[in-house]
Amino acid sequence: MNWYEPDRRPMPWKAERDPYLIWLSEIILQQTRVEQGLAYFEKFRTAYPTVHDLAAAPDTEVMKHWEGLGYYSRARNLLKAARLVSGEMGGIFPQSSAELLKLPGVGPYTAAAIASFAYDEPIPVLDGNVYRILSRYAGQATPIDTTAGKKLFTALAALAFDPEQPARYNQAIMDFGALVCKPKRADCANCPLSLSCVARAGDLVYDLPVKAKKLQRKTRYFHFLVARDETGRYLVQQRKSADIWRDLFQFPLFEIDHEDVLFDKLWFASTKDIPFQRNSFVLERSYPPRKQQLTHQTIIGYFHEGRIDSGIQLPTGYEWVSAAELGRLAFPKMIASFIADKSVFLDLFTLPPTE
DNA sequence: TACTCGTGGTC
DNA sequence: TGACCAAGAGT
């Protein structure tokens, strides 16, 4: 608490008392760096100054605002919770961490953060920073991603907590983790706790905290068909399956489990997800594959562009949109960057020469 | 409990 | 380049 100075890590919501804006900032910051979340917070605050504004917004508009931030279930739950608070709670946010916990998208961390920041409820937060600080300081190698670990560190967090200054304490310990007790290159030389830190004494700083589970990654190969009709519209669909990028838009795609082979071979190998026949799609060009690293999978994306007749029969879930309308839909980063690159490409070759 | 959900930064 | 991590939560 002596170490803490709010100005060292300035954030627009630090002095905020409006539960709506605190909640908004906390949802955005889940598993997200402050620097990355900042612009999104400003965007949402401007577009939706109150919970009622957010509740009244169309789903696709909110998803578009969230585009690029990842973990899109946060956006869906954000809207669900906003409509709950606006509709059934008269616009008043729940007044305790226990009640906040019932909102979709609000878990133990977020409930504690909102309750302590907005209402001075004496409840400690337990986020990645706190786990790291406590495990190092106490020299505790109990894995943090187990039930036993959560129980242990919840107890330690309560011991370290200052119930007289809940908001200040919670912000202080998270800043301390971000600025001093960092995952890499921890600043032990300037740490006010170094003399009594068990990890420091035993040279275990970078062995803690311990995680039990290791990450498994799989590689998936997506082949997107960028189908354009005679009027320049594109065929898109909204992802609805329980998979990555749910509710975001995409070009029709087929997925295969191996590296690139010839396009027509691929097509015959897997066409059940494509809403038209091979002979109605006139392939014009295939782009170099694009790679995107997600937490649990590596996506290799191939984009195949071509012409198709707008007269074809389409199953439900597909729609034609003009190039301009593409800009209003939320796409996964891989597709959004493809569209952006393609737009630049087209501009270069279609703009009239300048003097 | 185990698994999954994105994107970007750092080393 | 690959591993790890970020103001975690839902299923």
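Below, chain A is the first sequence line, B the second, and so on; all start at residue 1. Note that these values count all heavy atoms, side chains included, but never hydrogens, waters or copies made by symmetry. Worth saying up front: this structure is predicted, and the values here are computed from it rather than measured.
With a cutoff of under 4.0 Å to any heavy atom of chain A, the contacted region of DNA chain B is bounded 5' to 3' by B:dT1 to B:dC11.
Salt-bridge formation is not detected for the pair A:E284/A:R307: no Lys NZ or Arg NE/NH1/NH2 atom is positioned less than 4.0 Å from an Asp or Glu carboxylate oxygen.
At a non-hydrogen distance threshold of 4.0 Å, A:T147 from residues 134-148 of chain A come into contact with DNA chain B.
Residues A:L100 and A:M89 are members of one and the same hydrophobic cluster, defined by side-chain heavy-atom contacts under 4.5 angstrom among Ile, Leu, Val, Met, Phe, Trp and Tyr.
Distance check on atom P: B:dG8 versus C:dA9 gives 22 Å, rounded to whole Å. When the C1' atom is compared between B:dC3 and C:dA7, the two are found 23 Å apart, to the nearest whole Å. Separation of the C1' atoms belonging to B:dT1 and C:dG10 is 13 Å when rounded to the nearest angstrom.
Below 30°, between 30° and 60°, or above 60°: for A:H223 and A:Y302 the angle between ring planes is below 30°, a parallel geometry. By the 30° and 60° cut-offs, the orientation of the rings of A:Y169 relative to A:F161 is perpendicular.
Residue A:K213 is the one, among A:K213 and A:D243, whose nearest nucleotide of DNA chain B lies closer to the 5' end (criterion: closest heavy atom). For the pair A:Q292 and A:R185, nearest-nucleotide mapping onto DNA chain B gives the more 5' position to A:Q292.
In summary, the aromatic rings of A:F338 and A:Y287 are positioned with their centroids under 6.0 Å apart.
Listed by first then second residue, pairs satisfying side chain to side chain donor-acceptor pair (under 3.5 Å) with a partner in residues 68-84 of chain A read A:T32-A:R74, A:D59-A:R83, not counting sequence neighbours.
Residue A:Q95 places its CD atom among more than 12 non-hydrogen atoms of other residues, nucleotides or ligands, all under 6.0 Å distant. Counting heavy-atom neighbours within 6.0 Å of A:L195 CG, excluding the residue itself, gives a total of 12 or less.
Heavy atoms of A:G68 sit under 4.0 angstrom from primed sugar atoms or phosphate atoms, though from no base atom. Counting any heavy atom pair closer than 4.0 Å across all strands shown, A:L69 reaches a base atom. Looking at heavy-atom distances under 4.0 Å, A:Q216 makes no contact with the nucleic acid at all. As judged by a 4.0 angstrom heavy-atom cut-off over every strand, A:L294 is placed among the base-contacting residues.
Taking a 4.5 Å side-chain heavy-atom cut-off between Ile, Leu, Val, Met, Phe, Trp and Tyr, the cluster of A:V210 extends to A:L204, A:L208. Applying the under-4.5 Å side-chain rule to Ile, Leu, Val, Met, Phe, Trp and Tyr, the cluster around A:Y206 extends to A:V205.
In this structure, A:R8 forms a cation-pi arrangement with A:W3, its terminal cationic atom sitting closer than 6.0 Å to the ring centre and no more than 45° off the ring axis.
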Checklist entry - Could you run down nucleotides 1-11 of chain C 5' to 3' and tag each one B, S or - for protein heavy-atom contact under 4.0 Å? => result ----BBBBSS-

